[in-house]
Each structure stands twice: as structure tokens, then as C-alpha cells.
Amino acid sequence: MKITLFHYFIKQATANIFENRLVHLIGIGTMSIAFLIFYAFILIFVNLNYWTEEQGSSLTMSIYFKGEPDRAVIEKIKKELFLFPGVTIKRFISKDDAIKSLRRRLGDKAGLLDGLKQNPLPASLEIILSRDKGGDTLPYQLKTRLEKITIVDEVQYSQEWIRRFQAIMEAIKIVGIIFGGLLFLAALFIITNTIKLTIYSRKEEIEILKLVGATNRFVKIPFMIEGSIQGFLGGVVALLILFLVYIIAIAKIDIRIGFASLDIVFLSPQYIFFLLLMSVVIGFIGSTISLGRFFRI
Amino acid sequence: MIQLFQVYKSFGSKNPALLDISLTVKKGEFVFITGPSGAGKTTLLKIIFCAERPTSGNALVDGRNLNRIKDQELSLLRRRIGVIFQDFKLLPRRNVFENVALTLEIIGFPLSMIRKKVHQTLRYLSLVNKEGYYPPQLSGGEQQRVAIARAIVNDPLILLADEPTGNLDPDLTMEIMALLKEIHIRGTTVLVATHSQELLKDTTRRIVTLNKGRIV
Ligand SMILES: Nc1ncnc2c1ncn2[C@@H]1O[C@H](COP(=O)(O)OP(=O)(O)OP(=O)(O)O)[C@@H](O)[C@H]1O
Ligand SMILES: [Mg+2]
């Protein structure tokens with residue numbers, strides 16, 4: 001019994017789509033643009049968020065020295081650092097290492113450095129602090145403490161700008177919610193109108209169905225399926241376009257912020273599932289809205 | 001089975017379509033409703049399957065007051081009333097098979113049963129070779145027979161036939177009348193609206209005559 005009905009509903013929904021294919025094509029096209037903008041935004045957001053969280057969970061601290069410190073001094077500082085929780089020594093960069101790496105980075109323009117009489121770059125020790133240990137005040141405590149050592153010139157760490165970045169992320173999140181809401185409404189508007197058109201194209205048919213004993217539900221369900229399919233197709237098209245753009249362009253870009261390079265990853269399967277589900281839900285809601293309007297008349 | 005009490009139906013113009021109609025049709029009866037064009041035959045049938053509500057008066061069908069029936073209940077009632085519409089009301093975008101299968105699909109019969117019943121009915125009406133045709137591809141008489149097939153395929157409690165032979169030649173007319181009789185014998189209450197005096201010539205059945213919306 002249930003199977004017959006299901007079969008009937010799917011058949012009617014696909015027949016509707018096929019008969020009104022132009023309307024649907026336009027609908028899916030415009031809707032997928034709205035979805036695409038939204039998905040692209042999510043992609044960027046997810047990546048930035050992932051990246052700041054990764055960066056935020058640890059921070060790099062550089063201890064710059066006056067002149068070239070001797071090994072014993074460095075060992076002494078290292079021993080002292082080990083007393084703090086969550087501290088790992090990354091590496092020691094001597095004045096020589098520093099200039100070599102600068103040369104490497106300058107490439108062809110390395111010749112600029114030849115004119116220098118003496119190496120202006122300081123030696124430094126890079127350490128990593130894990131954020132879950134030691135608490136938020138640890139970097140500052142360390143900085144003041146280390147800067148008291150005479151041979152230490154300056155201590156810098158990357159936290160400030162990460163903090164600022166996280167604040168920006170919050171702002172982006174809010175903008176995203178508003179923006180996403182508007183796109184959601186746009187997609188809803190498109191679906192509502194597409195389904196309205198197909199309902200009107202079947203107005204007489206609906207009346208006949210009612211006269212031979214069809215319940216409202218029986219009449220409505222094919223349109224709901226139709227809307228859901230439309231939403232789903234809009235979502236799939238948007239995802240495909242986004243994926244194509246991703247492999248052709250985005251994956252090749254190497255974005256650098258500060259020290260770290262930002263690898264852009266594509267949306268995870270969970271996100272894809274969720275976004276497609278959302279587009280189906282939008283389709284379902286949209287068709288329900290237009291059916292509500294029609295059946296009230 | 002059908003009881004009408006002082007039913008009036010007005011469409012807003014000066015002359016109402018139905019005036020003070022009181023009529024009782026018992027279960028298992030076969031009734032002709034006749035009268036000139038515009039007398040109100042179709043309107044009377046429409047009141048019975050609730051396509052129109054009486055402007056005043058009451059209509060009871062199978063024990064239900066149509067003035068107070070709920071949407072869901074009405075759907076259930078309509079499934080037990082087969083209607084052969086004067087203008088057929090076939091779905092132009094569904095083929096003959098699908099048009100006839102419709103009433104069974106609405107009820108939720110299993111697919112195999114739907115196939116069996118639809119084939120049986122189409123054979124009965126000599127429509128088997130038209131199964132895949134769409135209504136616009138059929139002649140008037142063929143469309144009429146599809147409309148009849150759809151109305152009788154689920155053995156309704158009540159059959160309302162509005163000019164069921166209007167587009168048929170004399171031979172087919174006799175066949176359809178024989179078919180209606182057979183449905184009647186199987187226990188269906190049948191109402192046939194017609195202005196054809198030919199059909200009524202030597203019938204012994206009850207005849208209700210309408211004129212300008214009144215029973216005469
Ligand atoms: N929906 C409507 N709106 C306005 N007037 C209507 C409507 N339906 C029927 N009428 C009027 O009601 C009267 C009766 O119409 P009805 O269709 O019941 O006649 P009938 O007896 O079936 O005629 P016929 O033999 O030609 O089918 C007519 O005058 C018609 O104009
Ligand atoms: Mg009529």
C-alpha cells in the first residue's frame with residue numbers, strides 16, 4: 001500500500017519537473033548561484049576558523065639576543081625554560097643562520113646584502129608554547145622574565161595578532177549569519193515561485209483529483225517532493241561548481257599569513273552532507289509555503 | 001442513501017439553478033434525472049458529491065450532512081461516489097491507464113491489484129487497445145468511456161452519471177446503458193442525468209424531471 005503511494009508520488013513529482021523543465025532549469029540555476037555564494041563563504045570560513053584554531057592552540061615565541069651568545073648561556077636559558085609547562089624548544093638560529101635564510105628568501109636580490117659590512121640580524125631562539133598548559137598569562141610572564149637576562153635583547157610572540165584575528169573571525173561569523181540568512185531567503189523565494197508556477201499549471205488537475213476523492217495530502221506531497229528535488233539539485237550544482245573552482249584555482253594558491261602558510265582544504269563530507277540536507281530542507285519549506293498559499297484560495 | 005431537504009442553489013443571478021428540491025434516493029435505486037438544458041441536472045449532481053454547497057437546505061449522503069462535512073471525511077465519501085462528468089474531466093497529461101488507475105491510487109490499492117482492475121474495466125469498455133493514449137488523442141466517445149471506466153473501476157457505492165451517453169452512437173449507448181444496469185445489479189445506487197427522451201422511452205425506472213430548477 002505504502003509502496004504504491006510512494007511510487008505514485010515520485011512519478012508525479014518527476015513528471016512535474018519534466019513538464020516544467022524550463023522553469024525548473026531557471027530556478028535551479030538562480031538558486032545554485034545563491035547556494036554557491038553561501039557555500040564559498042562557508043568554505044572560506046571553515047578554513048580560516050580551522051587555521052586560527054590551530055594557530056591559537058600554540059604560539060611561537062622568539063627570543064632575540066644581543067650579539068652572538070655562547071653555548072653555555074643558551075643551555076642555561078633552555079634549562080630555565082624547561083621549568084615552565086608546555087614549553088618546547090624549536091631551534092636556535094645563529095646570526096649566520098639568520099642571514100643565510102634571508103639570502104635564500106631574497107633569491108636573485110641577495111646581492112643587496114653584499115654591501116653590508118657586518119651582519120645586522122640578531123641570533124634568536126624559537127620556542128613553542130602550548131596554549132592548554134600554563135594559561136593565558138604565561139607568555140607575558142616569560143617575556144618579562146627573559147627580558148631581564150642581560151644578553152637577551154627582546155622577546156616577541158605571535159599572540160597579539162592571533163587574538164586580533166580571532167576577533168575578526170567573530171565579526172565574520174556574524175556577517176556570515178546575516179548574509180547566509182539573506183541567501184537562504186533568496187533561495188526560498190526562488191523555490192516558492194517555481195513551485196507556485198507548477199501548481200498553477202496543474203490547477204485543473206488538482207481540482208479533478210479533489211473531486212475523485214484525493215486528500216489534500218495526496219495532492220500536496222508530489223509538489224513537496226518536487227521542491228525538495230529542486231533544492232537538492234540546486235545544492236548539487238553549487239557544490240560541483242565550487243569543487244571545480246577549488247581544484248582549478250584555490251588549491252593552487254599559497255596564502256601566507258605571518259609565518260604560517262594557509263592550506264585551503266575543501267569542505268568535509270559532513271559539511272557537504274549538511275549543506276545538501278539544508279538545500280533539500282529549503283526546497284521542502286519553499287514548496288510547503290506555496291502549497292499553503294494555493295490551498296487557502 | 002441520498003436525501004435532499006429544501007435545497008436551493010443560486011449562483012448569484014436572478015434565477016436560482018435549484019429551487020426547493022426535496023428528494024430521497026434509497027440504497028440500490030436506479031433513478032433518471034431529466035429535463036431540458038439548463039434545468040439544473042448537473043447542479044443537482046454537483047450538490048450530491050459536494051462540488052457545490054447548497055445556498056440553503058440540507059443534503060445528506062450516506063448519512064453525512066454535506067453542510068458540515070470535514071475535508072478529510074469528504075475525501076473518503078467521494079472515493080465511494082463514482083462520477084461520470086458531463087465534460088469528462090480527464091487528466092490530459094495522463095494516459096488512459098493512468099486516468100482510470102487514479103481512483104485506485106488515491107485509495108492506496110497495491111500496484112498489482114490496480115493493474116488487474118484497470119485492465120478488467122478497460123476490457124469491459126472496449127478500450128484495451130487505447131491504454132497508452134492520452135485523452136486529446138481520443139474521440140469524444142472514447143473519452144466518455146474512459147470517464148465511465150474511471151467512475152466504476154472501484155465499485156462505488158453511488159454512481160452519478162451526467163449525460164453518460166451524450167457522445168455515443170446508438171449501439172454504444174445501448175451497451176453503456178446495459179453496463180449501468182449491471183453495475184446497478186451489483187448493488188450500486190445509480191443516478192443518471194440525461195435530456196435524451198430516447199433513453200427514457202420504455203424504461204420502468206423512476207424518473208425525476210426538473211424544469212427551471214424545480215422538480216415537476
Ligand atoms: N458555476 C456556475 N455559475 C453560474 N451559473 C451556473 C453555474 N453552474 C450552473 N449555472 C447555471 O445554473 C443553471 C443550471 O445549470 P446546469 O448545468 O445544472 O443545467 P443542466 O440541467 O445540467 O443542463 P444541460 O442539460 O445543458 O447539461 C444554468 O442556468 C446555468 O447557467
Ligand atoms: Mg448538465
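Side chains included, hydrogens not; waters and symmetry mates left out as well; all remaining heavy atoms used. Since the structure is predicted, the reported quantities are computational estimates derived from the model, not experimental observations. Each chain gets a letter, A, B and so on, in the order its sequence line appears, and its residues count up from 1.
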Would you mind checking which part of [X] comes under 4.5 Å of any heavy atom in chain A, side chain (CB onward), backbone (N, CA, C, O), both or neither?
X	answer
I114(B)	side chain
R94(B)	side chain
L111(B)	both

With chain A, which of R93(B), K89(B), E105(B) has the greatest number of heavy-atom pairs at distances under 4.5 Å? R93(B)
Count the heavy-atom pairs under 4.5 Å between each of L74(B), T103(B), L102(B) and chain A, then report the option with the highest count. L102(B)
Kindly check if the number of other-residue, nucleotide or ligand heavy atoms within 6.0 Å of [atom1] ([X]) is above 12?
X	atom1	result
F266(A)	CZ	yes
F179(A)	CZ	no
Y271(A)	OH	no
E204(A)	CD	no
Y133(B)	OH	no
Q6(B)	CD	no

Engaged part of [X] at the chain B interface, taking heavy atoms whose separation is under 4.5 Å:
X	answer
E207(A)	neither
R202(A)	both
I208(A)	side chain
K210(A)	both

Flag side-chain contact, heavy atom, 4.5 Å: F85(B) against L211(A): yes
Which atom of A214(A) lies closest to which atom of S75(B), heavy atoms considered: O-OG, 3.3 Å
Roughly how far, to the nearest 0.5 Å, is the CZ atom of R79(B) from the OG1 atom of T215(A)? 5.5 Å
